[in-house]
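We count ligands from 1, going down the list as the structure has it; atoms in each ligand are counted the same way.
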Amino acid sequence: MNAVFPGSFDPITNGHMDVLTRASKIFDHVTVTVMHNARKQGRHLFTLEERLDILRADTGHLSNVSVDSFGGLLVTYMQQQGQGVIVRGLRAVSDYEYELQIAHLNRQLGEVETVFIMAATRWSYVSSSMAREIASYQGDIASMVPPASAAALRRKFQGGGQGQIERGG
Ligand code: PNS
């Protein structure tokens with residue numbers, strides 16, 4: 001059975017890596033696919049090519065994992081892949097409601113099953129947005145994201161990220 005692990009991956013975190021590594025032990029092949037999230041449109045830090053490069057570098061050691069991108073509906077992509085299952089990670093109960101809705105939607109639209117993998121509790125607080133924010137203040141993100149992702153974040157914010165807050169402003 002093949003699986004697709006879709007997401008924005010802006011950039012990939014250790015939580016994503018945990019879910020992906022465990023999925024790669026369950027399924028014959030896992031494709032990590034960068035897709036559009038309409039809720040995040042125009043708010044990406046990394047370009048699609050940058051996100052793909054980071055993913056390729058950080059997942060290169062997983063022999064049954066490949067990296068791809070797709071600009072349409074997830075169910076269309078699944079059809080093109082000959083179906084298989086969707087893998088999504090859950091960090092906390094707060095993720096559940098949204099994921100439940102999408103899983104039902106994808107089953108309704110394309111008869112595709114979604115398999116959830118609970119991210120290890122040590123990654124429950126890690127998100128791409130938090131890693132981006134911490135990196136923008138030159139904070140240490142080495143324990144939150146894999147190496148290529150960390151290097152790309154550091155490069156992005158080299159020479160300072162966030163501006164000064166004016167006193168009394
Ligand atoms: O990492 P994210 O942003 O939580 O991933 C969400 C993603 C990209 C998997 C989701 O938005 C998606 O499936 N986008 C493709 C378009 C689609 O099929 N939309 C309908 C379901 S929301």
J.: Mind listing the closest non-hydrogen atom pair of F157 and Q138 along with its distance?
T.: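 Closest heavy-atom pair between F157 and Q138: O-NE2, 3.0 Å.
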J.: Show me the pairs that pass side-chain hydrogen bond (donor to acceptor under 3.5 Å, both in side chains) and involve residues 60-69, at least two apart or across chains.
T.: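 Sorted pair list: H29-S66, D68-Y77.
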J.: Run through ligand 1 for me and note each protein residue having a heavy atom under 4.0 Å from it, chain first, then residue number.
T.: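 If the criterion is a heavy atom under 4.0 Å, then ligand 1 touches P6, G7, S8, M35, H36, N37, K40, G72, L73, L74, R88, I102.
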J.: Can you confirm whether Y96 is buried at OH, in the sense that more than 12 heavy atoms of other residues, nucleotides or ligands lie under 6.0 Å from that atom?
T.: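 No.
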J.: So, do T21 and T59 sit near enough that their side-chain heavy atoms are less than 4.5 Å apart?
T.: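 SC-SC contact between T21 and T59 ruled out.
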J.: Just checking, any donor-acceptor pair under 3.5 angstrom between side chains of S129 and S127?
T.: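 There is such a pair between these side chains.
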J.: Identify whether the distance between the nearest side-chain nitrogen and carboxylate oxygen of R132 and D10 falls below 4.0 Å.
T.: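 A salt bridge links R132 with D10.
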